[in-house]
Chemist: 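Got a structure for you, questions after.
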Amino acid sequence: QVQLVESGGGLVQPGGSLRLSCAASGSIFSIYAMAWYRQAPGKQRELVARINTGGSTKYADSVKGRFTISRDNAKNTVLYLQMNSLKPEDTAVYYCNVHLMVASTFSTLDAWGQGTLVTVSS
């Protein structure tokens, strides 16, 4: 019904930058909010950043001032995460999450991407 495809992960040195992308497609009637989560080895999945339909954003304290979440203005189904000043503790699998209404059923859905690995290491 709904697919989320992430890209942009990889290996980067401390202090470097990466930009993650997430493209949503399928039976989407409306998107309420989009977010990035991450899960480091041995830890629980945590919210990194969220953006709602009005453009309001929320960030985890650990990434404030370093990460920026945004959406494509033309395609509200594309989500980005610009990550600057990366630290080794940012190493994790990053997941895209979209809270939406499915067009074919008019039911709400929390869709997840497959995850993209970000490794920060020298």
Chemist: Looking only at atom types and distance, does a side-chain atom of Thr91 sit under 3.5 Å from a main-chain N or O of Val120, one as donor and one as acceptor?
Modeler: yes

Chemist: Can you list the other members of the hydrophobic cluster that holds Phe29, where links are side-chain heavy atoms under 4.5 angstrom apart?
Modeler: Tyr32, Met101, Phe106

Chemist: If you draw the axis of the six-membered ring of Tyr95, does the NZ or CZ of Arg45 fall within 45° of it and under 6.0 Å from the ring centre?
Modeler: yes

Chemist: Check whether any side-chain heavy atom of Thr77 lies under 4.5 Å from a side-chain heavy atom of Ser25, and answer yes or no.
Modeler: no

Chemist: So, Asp61 and Lys64, do they make that salt bridge, N to O below 4.0 Å?
Modeler: yes

Chemist: Do Glu46 and Gln39 have side chains that approach each other closer than 4.5 Å (heavy atoms only, starting at C-beta)?
Modeler: no

Chemist: Regarding Arg71 and the six-membered ring of Tyr80, is the cationic atom NZ or CZ under 6.0 Å from the ring centre and inside 45° of its axis?
Modeler: no

Chemist: Quick one: pull up CD1 in Ile51 and OG in Ser70 and give me the separation to the nearest 0.5 Å.
Modeler: 6.5 Å

Chemist: Please round to the nearest 0.5 Å and tell me the distance separating atom CG of Asn84 and atom CG of Leu86.
Modeler: 7.0 Å

Chemist: Rounded to the nearest 0.5 Å, what separates atom CG in Leu81 from atom CD in Glu6?
Modeler: 11.0 Å

Chemist: Within this structure, what is the OG1-CZ distance for the pair Thr57 and Phe67, rounded to the nearest 0.5 Å?
Modeler: 14.0 Å

Chemist: Just verifying a value: how many Å separate Ile28 CD1 and Leu100 CG, rounded to the nearest 0.5 Å?
Modeler: 5.5 Å

Chemist: Answer with yes or no after comparing the ring centroid distance for Trp112 and Tyr37 against a 6.0 Å cut-off, counting only values under it.
Modeler: yes

Chemist: Hey, any chance Leu79 and Val2 share a hydrophobic cluster, counting ILVMFWY side chains that come within less than 4.5 Å of each other, even indirectly?
Modeler: yes

Chemist: Do Tyr94 and Val12 belong to the same hydrophobic cluster, where Ile, Leu, Val, Met, Phe, Trp and Tyr are linked whenever their side-chain heavy atoms lie under 4.5 Å apart, directly or via other members?
Modeler: yes

Chemist: More than 12 non-hydrogen atoms from neighbouring residues, nucleotides or ligands closer than 6.0 Å to CD on Gln44, yes or no?
Modeler: no

Chemist: Within a strict 4.5 Å, meaning less than it, do heavy atoms of the Lys87 and Arg66 side chains meet?
Modeler: yes

Chemist: Mind checking whether Ser17 and Gln82 have side chains closer than 4.5 Å, heavy atoms only?
Modeler: yes

Chemist: When you measure from the side chain of Asp72 to the backbone N and O of Asn76, does any donor-acceptor pair fall under 3.5 Å?
Modeler: no

Chemist: How close do Pro14 and Ser121 get, counting heavy atoms only, and between which atoms?
Modeler: CD-C, 3.6 Å

Chemist: For the side chain of Tyr59 and the backbone of Ile69, is there at least one donor-acceptor N/O pair under 3.5 Å apart?
Modeler: yes

Chemist: Give, for atom CD of Gln114 and atom CG of Leu4, the distance between the pair rounded to the nearest 0.5 Å.
Modeler: 8.5 Å

Chemist: Decide yes or no for Gln1 and Ser104: does some side-chain heavy atom of the first lie under 4.5 Å from some side-chain heavy atom of the second?
Modeler: yes

Chemist: Is there a side-chain contact between Asn97 and Asp110, using heavy atoms and a 4.5 Å cut-off?
Modeler: yes

Chemist: Kindly indicate whether the side chain of Arg38, heavy atoms from C-beta on, has any atom under 4.5 Å from the side chain of Asp90.
Modeler: yes

Chemist: According to a hydrophobic-cluster definition based on side-chain heavy atoms being under 4.5 Å apart (Ile, Leu, Val, Met, Phe, Trp, Tyr only), do Val93 and Trp36 belong together?
Modeler: no

Chemist: Check whether Val78 and Val98 end up in the same hydrophobic cluster, where Ile, Leu, Val, Met, Phe, Trp and Tyr are linked by side-chain heavy atoms less than 4.5 Å apart.
Modeler: no

Chemist: Can you confirm whether Leu20 sits close enough to Val118 that some side-chain heavy atom of one is under 4.5 Å from a side-chain heavy atom of the other?
Modeler: yes

